[in-house]
J.: 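A single structure is presented below for examination.
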Amino acid sequence: MSKTVRVRFAPSPTGPLHIGGVRTALFNYLFAKKHKGTFILRIEDTDQNRYVEGAEDYIVNALNWCGIPFDEGPSATLSTEGKDGGFGPYRQSERKHLYKQYAEQLIASGNAYYAFDTSENLDAHRKDHEANGKTFIYNWHNRLKLSNSLSLSAEDVKTKLENGDNYVIRFKSPQDEVLHLKDSIRGDIKIDTNVLDDKVLFKSDGMPTYHLANIVDDHLMEISHVIRGEEWLPSLALHYQLYSAFGWEAPEFAHLPLILKPTGKGKLSKRDGDKLGFPVFPLEWKDPKTGELSKGYKQEGYFEGAVINFLAFLGWNPGTEQELFSLEALVNAFELERVNKAGARFDPDKIKWFNHHYMQMQSNDSLAKTFQENRSELKGIDANYISMVVGLVKERATFVSDFWDLTHYFFTAPTQYDEKASKKAFKDETKPVLEELVTIVDSVKDFEVEPLKTSVKEWITAKEIGFGKVMQPLRLALVGALQGPDVFDIMFMLGKEESIKRIKKVIEKL
């Protein structure tokens with residue numbers, strides 16, 4: 001790629017960052033790193049009425065937790081220092097002094113105009129069109145019938161502006177033209193300009209709309225590729241026209257497919273997560289107004305690598321059977337050409353699958369540390385012992401929070417025994433068998449897994465006892481249920497004294 005790659009992720013601080021936004025940020029990050037480019041965070045906060053306290057810090061913290069920090073971006077109030085690459089400020093609210101000159105430039109070139117229509121007047125026109133079975137579009141069809149600088153005299157326009165009348169600046173969409181647009185994912189797109197409305201670019205309160213601010217900022221920040229969600233595809237025609245009107249070279253555009261509900265129908269929402277019990281945000285979020293707490297993948301026990309690996313496959317595939325990728329491997333494999341057009345179904349079970357596999361990649365020591373920190377029952381227990389226990393069960397776990405149910409018997413002796421398993425395992429002959437087993441176990445001098453296993457199995461074979469008649473009651477005695485890793489691993493971890501103590505406890509009950 002010949003030109004310098006500069007991409008941006010441009011969320012609005014109106015609440016927590018949705019997992020779909022994280023996917024957009026990830027694809028921008030992967031593309032930038034693949035091409036030795038720059039990943040920029042720009043906060044699009046022109047709509048101050050929807051601004052939510054803490055949302056910007058949340059966005060920064062979420063990107064950092066996911067391992068995809070920005071190279072250039074704003075200084076958040078709590079979480080990070082800014083990274084100014086010479087293209088700041090990186091908040092649109094701090095750039096608002098820039099936009100009016102560009103709006104006026106479009107008016108001067110004949111590509112935009114002042115519109116003084118009131119809301120009541122526009123509503124009346126809409127209702128009139130609806131009554132006649134038509135859709136009201138503010139463009140070449142009717143702009144001369146409305147109140148704007150194209151229909152009014154220059155003197156009237158000047159008077160209105162001097163009197164401080166409310167106005168907006170609208171883009172003048174051309175008539176009878178066909179736009180030929182290009183999208184890196186969707187290919188060539190044709191648009192008839194006759195169906196486009198004259199979008200508002202600037203308001204009399206001094207704030208630009210998304211469309212103007214977006215184009216001006218992308219140009220001034222030298223953005224080379226705009227990689228964003230499919231929901232912005234309807235804006236592509238206007239954005240191309242704005243670049244043309246300014247005489248600027250447009251970046252390359254790529255519109256990512258929607259992330260769909262688990263059913264495959266409709267866009268994934270927070271309601272879907274609430275209904276089915278999975279997070280749709282990377283980090284936990286507490287609404288500052290309502291106090292409502294929303295789940296986050298981090299707090300629910302997901303590994304950041306698993307979340308990123310899962311998100312990468314929502315709309316992209318490497319063209320191979322490989323599914324497990326480190327972030328570095330994703331960077332090397334990522335190509336926009338391999339992003340699909342069709343929406344990607346969000347599968348809560350699949351992200352658990354990824355988390356299970358990432359669990360196996362973690363060291364026993366690091367997992368044990370987290371496990372111990374989260375369970376008061378483990379306070380004061382040797383960390384090496386916990387690490388060995390974790391190593392025995394982590395293949396069965398998806399989350400660190402699963403460990404206690406899988407391992408509690410390593411730390412506390414069972415106080416009761418599974419009723420169904422007991423009926424199956426405890427027979428009339430069980431008591432004398434276990435009494436003799438105690439003698440065999442006690443006789444093992446080198447209490448390691450292999451010597452223990454050899455002694456017990458040789459005894460079973462010599463006595464011609466069925467393995468199930470010994471191993472099932474033995475497991476129940478040690479665990480309290482017919483679950484867990486190899487019995488001899490459990491006995492080794494518990495030690496001779498504790499193992500015999502647990503067997504004798506069952507004998508007393510028989």
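Only a predicted model underlies this, so the values are computations on that prediction, with no experimental measurement involved. Residue indices begin at 1 and follow the sequence shown.
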J.: May I ask you to decide if Lys182's main-chain N or O and Asp188's side chain share a donor-acceptor pair within less than 3.5 Å?
T.: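 Pair absent, no side-chain N/O of Asp188 close to backbone of Lys182.
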
J.: Step through the shown structure and confirm whether more than 12 heavy atoms of other residues, nucleotides or ligands are within 6.0 Å of NZ on Lys267.
T.: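 Open: at most 12 neighbouring heavy atoms sit under 6.0 Å from NZ of Lys267.
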
J.: Would Glu72 and Arg6 pass as an ion pair if we require N to O under 4.0 Å?
T.: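 Here Glu72 pairs with Arg6 in a salt bridge, since their nearest N and O are under 4.0 Å apart.
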
J.: Are there over 12 heavy-atom neighbours, none belonging to Lys261, within less than 6.0 Å of that residue's NZ?
T.: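 Above 12, so yes.
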
J.: Would one find more than 12 heavy atoms of other residues, nucleotides or ligands at under 6.0 Å from atom CG of Asp274?
T.: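 Yes, enclosed.
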
J.: Could you tell me whether Lys96 atom NZ has more than 12 heavy atoms of other residues or ligands within 6.0 Å of it?
T.: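 Check fails, neighbour count at 12 or below.
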
J.: Are Glu498 and Arg502 ion-paired here, with the side-chain N under 4.0 Å from a carboxylate O?
T.: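 Answer for the salt bridge query: yes.
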
J.: Kindly indicate, with the supporting measurements, whether the criterion side-chain contact (heavy atoms from CB on, under 4.5 Å) is fulfilled by Glu284 and Ser294.
T.: CA-CA 6 Å; Glu284 189 175 78; Ser294 298; over 6 Å; no

J.: Whether Glu56 and Arg91 form a salt bridge (side-chain N of Lys/Arg under 4.0 Å from carboxylate O of Asp/Glu) is what I want to check.
T.: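 A salt bridge links Arg91 with Glu56.
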
J.: Walk me through it: do Leu196 and Leu179 pass the test side-chain contact (heavy atoms from CB on, under 4.5 Å)?
T.: CA-CA 11 Å; Leu196 301 176; Leu179 301 176; 4.1 Å; yes

J.: Are the ring centres of Tyr358 and Tyr302 closer than 6.0 Å?
T.: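 Ring centroids of Tyr358 and Tyr302 are no less than 6.0 Å from each other.
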
J.: Please confirm whether the ring centroid of His225 lies under 6.0 Å from the ring centroid of Phe31.
T.: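 Yes: the rings meet the under 6.0 Å criterion.
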
J.: Ignoring hydrogens and angles, write down the donor-acceptor pairs under 3.5 Å from the side chains of residues 322-333, residues two or more places apart or on other chains.
T.:
residue	atom	partner	partner atom	Å
Gln322	NE2	Leu324	O	2.9
Glu323	OE2	Lys350	NZ	2.8
Ser326	OG	Ala329	N	3.1
Asn332	ND2	Glu328	O	3.3

J.: Are Arg42 and Glu44 ion-paired here, with the side-chain N under 4.0 Å from a carboxylate O?
T.: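 Here Arg42 pairs with Glu44 in a salt bridge, since their nearest N and O are under 4.0 Å apart.
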
J.: If you count every heavy atom of other residues, nucleotides or ligands that lies below 6.0 Å from Lys33 atom NZ, does the total exceed 12?
T.: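 Yes.
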
J.: Could you pull out every donor-acceptor pair under 3.5 Å between side chains of residues 404-417 and any protein atom, sequence neighbours left out?
T.:
residue	atom	partner	partner atom	Å
Thr407	OG1	Phe403	O	2.7
Tyr409	OH	Leu406	O	3.1
Thr412	OG1	His408	O	3.2

J.: Should Lys369 and Asp365 count as an ion pair when the cut-off is N to O under 4.0 Å?
T.: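 No, Lys369 and Asp365 are not salt-bridged.
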
J.: Does atom CE of Met388 have more than 12 heavy-atom neighbours from other groups under 6.0 Å away?
T.: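 Counting neighbours around CE of Met388, 12 or fewer heavy atoms of other residues, nucleotides or ligands fall under 6.0 Å, so no.
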
J.: For the residue pair Phe27 and Trp316, is the inter-centroid distance of their aromatic rings smaller than 6.0 Å?
T.: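 No: the rings miss the under 6.0 Å criterion.
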
J.: For the aromatic rings, using the six-membered ring if either is Trp, is the centroid distance between Trp232 and Tyr210 under 6.0 Å?
T.: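 Ring-ring flag for Trp232/Tyr210: true, centres closer than 6.0 Å.
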
J.: Do the side chains of Asp272 and Lys270 get close enough for a salt bridge, i.e. N-O under 4.0 angstrom?
T.: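 Salt bridge between Asp272 and Lys270, a charged N being under 4.0 Å from a carboxylate O: no.
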
J.: Using a 4.5 Å cut-off on heavy atoms from C-beta on, say whether the side chain of Lys36 contacts that of Val5.
T.: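 Not touching, per the 4.5 Å side-chain cut-off.
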
J.: Quick one: does Leu236's side chain get under 4.5 Å of Arg228's, heavy atoms only?
T.: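 Contact flag for Leu236/Arg228 side chains = yes.
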
J.: Mind checking whether Phe253 and His239 have parallel, tilted or perpendicular rings, split at 30° and 60°?
T.: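 Because their plane-to-plane angle lies in the 30° to 60° range, the rings of Phe253 and His239 count as tilted.
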
J.: Do other residues, nucleotides or ligands put more than 12 heavy atoms under 6.0 Å from the NZ atom of Lys286?
T.: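 Counting other residues, nucleotides and ligands, NZ of Lys286 stays at 12 neighbours or fewer.
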
J.: Among side-chain atoms of Arg186 and His255, is any donor-acceptor pair under 3.5 angstrom?
T.: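 Not at all, the side chains of Arg186 and His255 share no donor-acceptor pair under 3.5 Å.
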
J.: For Phe39, is the NZ or CZ atom of Arg8 found under 6.0 angstrom from the centre of its six-membered ring and inside 45 degrees of the ring axis?
T.: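 No, Arg8 and Phe39 do not form such a contact.
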
J.: Apply ring-ring contact (aromatic ring centres under 6.0 Å, His included) to residues Phe303 and Phe310 and explain how you reach the verdict.
T.: CA-CA 11 Å; Phe303 299 103; Phe310 169 75; over 10 Å; no

J.: With Phe371, which of Val389, Val400, Asn364 fulfils side chain to side chain contact (heavy atoms under 4.5 Å, CB included)?
T.: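 Going through Val389, Val400, Asn364 one by one, the side chain to side chain contact (heavy atoms under 4.5 Å, CB included) with Phe371 is satisfied by Val400 alone.
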
J.: Is the distance from the ring center of Tyr29 to that of Phe9 below 6.0 Å?
T.: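 No, ring centres 6.0 Å or more apart.
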
J.: Does Glu395 have more than 12 heavy atoms from other residues, nucleotides or ligands lying within 6.0 Å of its CD?
T.: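 It does not: Glu395 CD has 12 such atoms or fewer within range.
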
